[in-house]
Structures are given as structure tokens and as C-alpha cells.
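To start, the structure itself, in C-alpha cells.
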Amino acid sequence: MNRLALRTILIAALAASAAAQAPSFQKELKSKQSQLEKLRKEISQYEKKIRDREKKENATLEQLDDYGAQETLLRKLVKKLHAEEADLEASINATTNSVSGLGAQIDHLKKQYAAYVRSAYTRGSTGDIELLLMSQSVNQLFVRAEYLKRFSAHRRRDLGVIAEKRRALEDQQDLLTRQLGRRQRLIADKSAEQGNLKKMTKKKKNLLAGIRRDKQNYRKEIDRRKKDFQEVGRKIAALIEKEAKKKAATPGAKTPEPAGGGAFEASRGGLGWPVEGGRVLTKYGTQQHPVLRTLTENKGIDISVPAGSRISAVAPGEVSTIWWLPSFGNLVIVAHEGGYRTVYAHLSDIDVEEGQTVAPGQSLGKSGEGLSGPMLHFEVWKGRDTLDPEKWLRSRGISRK
């Protein structure tokens with residue numbers, strides 16, 4: 001196959017590829033828009049709920065729940081919008097480079113084609129006739145005649161295909177540019193809403209101060225916390241059952257969990273802490289409530305750290321659940337080798353996604369605030385049982401109560 005024919009085939013393939021990508025791009029864009037619209041709808045619902053509560057009720061824990069849930073949704077929305085913007089910018093850059101490259105190809109082809117036309121005009125048909133008459137055989141005569149016939153047709157086809165490809169890419173670039181503009185406007189709008197949310201956060205702190213002055217709210221929070229501990233236990237039991245069913249469905253598959261618990265169990269007493277600095281407010285097990293002086297059961301430890309502190313995975317694992325509970329706010333459950341799991345609660349922001357593999361020290365998000373103040377609640381599980389986290393974490397790097 002000669003170079004001219006090969007180039008024509010390659011150009012045609014590029015054009016076909018661009019045409020095939022367009023429907024896929026539109027489908028993906030529509031799916032992302034649907035996700036964003038769903039988030040906006042949820043945010044609007046919480047906005048209405050908050051307004052209704054403010055009209056009807058005094059400071060309540062439920063109001064704090066609404067603020068926290070709306071803030072989580074808004075941050076998730078803004079993150080998605082920023083990711084969309086980055087994806088669109090990358091696509092636009094790639095399309096721009098393609099258009100530029102095709103423009104150069106078109107210019108080169110035009111010059112070649114113009115040279116051919118000038119040559120044909122100068123020689124007229126005489127040159128072609130001479131070429132045919134100089135043939136060494138009848139077969140060569142027919143081959144040259146066919147070549148001359150196809151040469152001009154190939155030139156025209158090359159130019160048409162590339163021009164069509166360029167128009168397709170320019171249309172795609174125009175679409176991406178318009179979509180990027182729309183996304184940037186949405187990000188600006190949601191940034192403004194985030195500014196409003198900051199004002200609301202200040203209002204929320206005032207609300208929280210009022211709630212903390214009422215001991216009834218602490219009693220109510222104890223009950224909510226008990227329920228949430230049970231919810232976490234049920235969630236982990238469901239995860240264990242799901243894993244068991246998955247293993248049963250694949251007989252003969254090698255279990256990934258080594259006997260004895262593997263690396264996680266071997267790290268007992270040497271795991272890194274999930275936060276830098278801070279102090280343990282509430283230890284594991286039966287503890288006296290700092291305000292009510294009643295005995296309460298803690299399934300993990302509560303670490304006092306400034307809101308916005310970096311929360312890190314204590315060991316390698318996989319994010320199995322991202323959740324929200326009234327007394328814990330946002331929480332992340334990470335599954336580790338040997339049937340171990342760690343739970344991180346009171347997160348103001350989350351940096352990971354379900355199913356994501358994490359390394360020791362990798363950021364899971366940022367700490368938030370509970371009724372007792374800014375903190376992180378941290379738990380360690382083995383199967384369906386909780387363990388004392390302080391026996392698993394290294395003794396240095398954080399002060400104890």
C-alpha cells in the first residue's frame with residue numbers, strides 16, 4: 001500500500017473516531033448533569049427544612065443535623081463541579097491540539113494539491129499522455145492510467161475528509177467551551193452558596209452554644225449516640241455477611257485474609273494515629289459523662305482536635321462505607337486485612353470514595369465538631385466486636401487524658 005493511500009485511511013479513521021466519541025461524550029455529560037441536579041434538589045429540601053424549623057422550634061439537635069447534612073451535600077456538589085471543570089478543560093485542550101494539528105495537515109495538503117493543479121495546468125493533458133506512452137507494457141499502461149485517475153480523486157478525498165474532521169472537532173470544541181462556561185457559572189453560584197453557608201455556620205455555632213447550655217440536650221445526645229453505635233454495629237454485620245456471600249458465590253477462590261489477621265494484627269500497638277496532636281477526651285469502654293456525670297459506654301475513643309484537622313487512615317485498606325449518622329455526622333469505615341475495620345466519625349469533609357484503596361497516612365478527610373466540641377471519634381473492630389483503639393495505636397505522637 002502506498003503512502004498516499006495509507007494516509008487517507010488513517011485520516012478517515014480519525015474522523016470516524018471523532019464521530020464515535022461525540023454520542024459517548026453527550027451520554028456521560030447527561031449522566032453527570034443528572035447527578036448534580038439530584039444534589040441540588042437535596043440541598044433545596046434541606047434549605048426548606050431549616051427555614052421551617054427556625055420558624056417553629058428553639059435550638060434543637062435536629063436543627064444541627066440539618067445544617068450538617070446540608071453542608072455535606074453542598075461540599076460534595078462543589079467538589080463535583082470543580083472536577084467537571086477540570087475534565088472539561090482537559091478535553092478542550094486535547095480538542096484544541098487536534099484542531100491545530102489538523103489545520104497544519106490541511107495547509108500542507110492544500111499546498112500539495114495546488115502544486116498538482118498548477119503542474120496539471122502547465123502541462124495540460126500532454127504530460128499525462130507522455131507518461132502513458134512511455135509505458136513499457138500494456139499492463140504498465142493500464143496501471144499508470146488508473147494511477148492518474150485515482151491520484152486526483154485521492155487528493156480531493158483527503159481534503160474533504162480532513163475538512164470534515166476539522167469541522168467535527170471545532171463543533172466539539174465549541175460544545176465543550178459552552179459547557180465549561182456553564183460549569184464555571186455553576187461553580188460561582190455554588191461558591192456564593194458556600195459563602196452563605198459560612199454565615200449559616202456562624203449561626204450554627206450560636207445554636208450549638210445554646211444547645212450546650214441545656215443538659216436535656218446532653219441526655220438526648222446520649223440516647224442518639226447509643227442508637228448510632230448500634231447502627232454502626234448493624235452496618236458492619238451487614239458488610240461481613242456481604243463478604244461471606246461473595247466468597248460463597250466463588251468456590252475455590254483463595255481467601256485474601258491470612259491466618260491470624262495478617263499485617264493489621266501484626267501492627268498491634270504500632271499503628272499511626274488518625275490525627276496529629278490532640279488529646280483523648282473519652283476513652284474506650286464505660287466512662288463518666290463530663291457534664292451529666294452519668295456512666296456511658298463508648299465503643300471507641302474521642303480525640304479533641306481543632307476542626308479542619310487532617311484525618312488519616314491508620315493502616316492499608318479499602319473504604320467500604322461512607323455514611324452519615326445524627327450523633328456522628330459524616331463517618332468513614334475502612335476494611336483491613338484479617339477482618340479488621342476502623343471507623344472515623346465527625347468528619348467535616350471527605351476526601352475518599354467507597355471502594356477506594358487507601359494507604360497508611362493517606363487523608364480520609366477533615367475533622368468536624370460534635371456536641372462536646374471539635375473532635376474525631378475513632379473505633380477499631382475485629383469482626384462484630386469492638387476493640388480498645390489505644391491498644392492498637394503507638395504510644396507516641398499524641399497526649400492522653
Side-chain angles (χ1 to χ4, degrees), residues 68 71-72 75-76 78-79 82-83 228-229 232 235-236 239 256-257 261-284 298-325 327-370 372-382 386-401:
E71 183 180 19
T72 297
R75 287 185 177 184
K76 187 176 180 180
V78 171
K79 275 187 176 181
H82 279 298
D228 285 352
F229 280 136
V232 172
K235 173 65 76 173
I236 288 178
L239 291 171
E257 297 177 0
F264 189 94
E265 187 162 296
S267 300
R268 180 185 172 93
L271 292 174
W273 283 74
V275 288
E276 291 287 337
R279 65 188 181 90
V280 177
L281 284 174
T282 311
K283 291 180 176 288
Y284 173 82
N298 194 11
K299 301 294 184 181
I301 58 174
D302 299 316
I303 307 170
S304 174
V305 288
S309 297
R310 185 178 188 268
I311 305 301
S312 304
V314 299
E318 181 181 298
V319 178
S320 56
T321 303
I322 294 175
W323 206 13
W324 184 90
L325 288 170
S327 69
F328 285 146
N330 295 308
L331 63 87
V332 172
I333 299 178
V334 178
H336 305 282
E337 196 176 41
Y340 288 91
R341 286 178 175 81
T342 50
V343 179
Y344 311 76
H346 292 302
L347 273 63
S348 63
D349 201 6
I350 296 173
D351 295 335
V352 291
E353 297 180 357
E354 289 187 0
Q356 180 178 336
T357 300
V358 293
Q362 182 173 337
S363 174
L364 300 176
K366 294 181 175 62
S367 65
E369 192 166 358
S372 301
M375 69 169 71
L376 168 72
H377 176 75
F378 176 69
E379 298 176 5
V380 176
W381 289 70
K382 166 66 174 175
T386 57
L387 305 171
D388 184 352
E390 289 192 87
K391 291 180 179 179
W392 289 83
L393 301 171
R394 60 173 175 253
S395 59
R396 294 178 299 172
I398 194 166
S399 62
R400 287 179 169 77
K401 188 176 177 181

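Source: prediction; values computed, not measured. When a residue number appears, it is its place in the shown sequence, counting from 1.
When all heavy atoms are compared, the tightest approach of Ala307 to Pro374 is N-CB, 3.7 Å. Heavy-atom minimum distance, Leu271 versus Ala315: CD2-CB, 4.0 Å. The two residues Ser320 and Ala335 have their closest heavy-atom pair at OG-N, 4.2 Å. Between Leu376 and Val305, the shortest heavy-atom distance links the atoms N-CG2, 4.3 Å. Closest of all the heavy-atom pairs between Ile333 and Lys235 is CD1-CG, 4.0 Å. Nearest heavy-atom pair, Ala313 versus Ala359, reported as atom, atom and distance to 0.1 Å: CB-O, 3.7 Å.
The salt bridge (Lys or Arg N to Asp or Glu O under 4.0 Å) pairs that include a residue from residues 356-369 are Arg212-Glu369, where partners are two or more places apart or lie in different chains. For the salt bridge (Lys or Arg N to Asp or Glu O under 4.0 Å) condition, the pairs that include at least one residue of residues 302-324, sequence neighbours left out, are Arg225-Asp302.
Not counting sequence neighbours, Ser367 has no partner by the side-chain hydrogen bond (donor to acceptor under 3.5 Å, both in side chains) test. In this view, Lys79 and Asp349, Asp351 satisfy the salt bridge (charged side-chain N to carboxylate O under 4.0 Å, His left out) rule, not counting sequence neighbours. Taking the ring pair (Phe, Tyr, Trp, His ring centres under 6.0 Å) definition, one finds that Tyr284 meets it with nothing, sequence neighbours left out. Listed by chain and number, the residues in a ring pair (Phe, Tyr, Trp, His ring centres under 6.0 Å) with Trp392 are Phe264, Tyr340 (sequence neighbours excluded).
If you take OG1 on Thr342 and NE2 on His336, they are separated by 2.5 Å, rounding to the nearest 0.5 Å. Between Gln362 atom CD and Ser312 atom OG the span is 9.0 Å, to the nearest 0.5 Å. In this structure, Trp323 CH2 and Ile350 CD1 are separated by 13.0 Å, a value rounded to the nearest 0.5 Å. For the atom pair CD1 of Ile311 and CD1 of Ile303, the computed distance is 8.0 Å after rounding to the nearest 0.5 Å. Interatomic distance, OG of Ser348 versus CD of Glu71, reported as 7.0 Å (0.5 Å rounding). Met375 CE to Leu281 CG: the interatomic distance, rounded to the nearest 0.5 Å, is 5.5 Å.
In the model, Asp228 has a side-chain atom that pairs as donor or acceptor with a side-chain atom of Ser327 under 3.5 Å.
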Would you please test Lys299 and Val343 for side-chain contact (heavy atoms from CB on, under 4.5 Å) and show each step?
CA-CA 10 Å; Lys299 301 294 184 181; Val343 179; over 6 Å; no
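A donor-acceptor distance shorter than 3.5 angstrom exists from the side chain of Glu337 to the backbone of Ala263, with no hydrogens or angles considered. Between the Lys382 side chain and the Gly338 main chain, a donor and an acceptor come within less than 3.5 Å of each other.
Aromatic ring pairs are classed by plane angle as parallel below 30°, tilted from 30° to 60° and perpendicular above 60°; the pair His377 and Phe229 is tilted. Aromatic ring orientation, Phe328 versus His346: perpendicular (interplanar angle above 60°, classes split at 30° and 60°).
When side chains are defined from C-beta on, Ile301 counts as touching Glu390, because their heavy atoms get closer than 4.5 Å. Looking at Leu393 and Phe378, their side chains come closer than 4.5 Å, going by heavy atoms from C-beta outward.
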